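Below is one structure, written out as structure tokens; comments come after it.
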Amino acid sequence: MNAREIKPGVYSVGAIDWDRRLFDELIPLPDGTTYNSYLIKGGKKTALIDTVDPTKEKELMENLRKLGINKIDYIIVNHAEQDHSGTIPKILKLHPDAKVVTNPKCKGMLMELLLIPEGNFITVDNGENLSLGDKTLEFIYAPWVHWPETMLTYLKEDKILFPCDLFGSHLATSDLYVQDEAKVYESAKRYYAEIMMPFRNNIKRHLEKIEKLEIEIIAPSHGPIHSRPEFILDSYRNWVSDEVKSEVVIPYVSMHGSTDKMVGHLVNALMERNITVKPFNLTRTDIGELAIAFVDAATIVIASPTVLLGPHPNVISAVYLANALKPKVKFASVIGSYGWGGKMLEQITGMLGNLKVELIEPVIVKGHPGKEDFKSLDRLADEILHKHAALRKEI
Ligand code: FEO
């Protein structure tokens, strides 16, 4: 990605990673990603806001070279994760007098993770300003975007917010600015779902904090820049709100067809009741898609056969994920089957401790489901309908 001017003296100097398909060896990236870094040339000082993943170090260096940057005074670090901080050591090698500007928590993490010496740092307080001459940076602490040390940087004169991961999207694109809002919405929602959802209440507070700022541009560290901030701000307001939709997510596995028949019956029963239902066959699903479905759903129904007396391992993995992501889901149930015994139900419900859910009576079947079992699934669908209707009345 070439260096591109956003406003006079403000440049995007990061890199596009078209090929990356996995983040943290866990999170699928179907559309690649970008590592956005921004250079701000003030009247007196020059600051680099975040760097890039070390695999893209050369691109950052080349962009700085093309812009004729021979002195960087400050490296502003909003977040210590290496996809943004990993190239700091290289920058410091080329600009040994540059100061790494961040909060004390982030400083400690950078010293531990990247072995940056203490003498290289300037620490800033929440709300502190740093002048570059005719441009002023304000730092806003925003712990737990998904790590404990995160902060946001606001360029006052140009009204640009640099929020690092927050408001970003894993989307490799040549577009500097958001062009296709529907596409970016999906990528941004996936990103929120996969890493930020467990910190929903923290993010609510961050949104309140930035309400007072006049923001013309949001320049995140992944994906395209927002020239219409309300689009992404409204999306986040919606995702972090306490409101859920009348949707049921069904992560499931079936080994010999019994659980599959139960899921099929329940899906139809819910559709007949005009409830949106999203089944995910866990032997095939992209866990990012599953995480996205968790963002708005009122109910999760986990469906599993019994393997070695417990749930299928793919179900364990999905339940672990749901519990770790802490979606705002209100109700849960379990359906599934067993051959001769086991503790599949107890093990699944025992893994949902983080979710503040009301458990709706499960439907667990021995062998192939029969007439009475299908009636039980109809009763489950009725109960879900009733619970969702009650929620709407509360709102
Ligand atoms: Fe894009 Fe949390 O790093």
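Residue numbers count from 1 along this sequence. Whatever order the structure lists ligands and atoms in, that order sets their numbers, starting from 1. A quick note: this is a predicted structure, and the numbers were derived from the prediction, not measured. Computed over heavy atoms, backbone and side chain alike; hydrogens, waters and symmetry mates excluded.
The minimum distance between atom 2 (Fe) of ligand 1 and any N, O or S atom of E81 involves atom OE1. If you look at D165 and ask which of its N, O or S atoms sits nearest atom 1 (Fe) of ligand 1, the answer is OD1.
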Exercise. Kindly determine whether H222 and Y191 satisfy ring-ring contact (aromatic ring centres under 6.0 Å, His included), including the steps that lead there.
Key: CA-CA 10 Å; H222 296 291; Y191 193 39; 5.5 Å; yes

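In this structure, the side chain of S131 engages the main chain of G133 through a donor-acceptor pair within 3.5 Å.
Between the side chains of S37 and T51, no donor N or O sits under 3.5 Å from an acceptor N or O.
Shown here is H256, whose NE2 atom has no more than 12 heavy atoms of other residues, nucleotides or ligands within 6.0 Å.
Using a cut-off of 4.0 Å between Lys/Arg side-chain N and Asp/Glu carboxylate O, K71 and D73 are scored as salt-bridged.
Not one N, O or S atom of D83 sits under 2.8 Å from atom 2 (Fe) of ligand 1. Taking backbone and side chain together, H79 holds an N, O or S atom under 2.8 Å from atom 2 (Fe) of ligand 1. Checking H146 against atom 2 (Fe) of ligand 1, an N/O/S atom falls under the 2.8 Å cut-off. Between atom 1 (Fe) of ligand 1 and C164 there is no N/O/S contact shorter than 2.8 Å.
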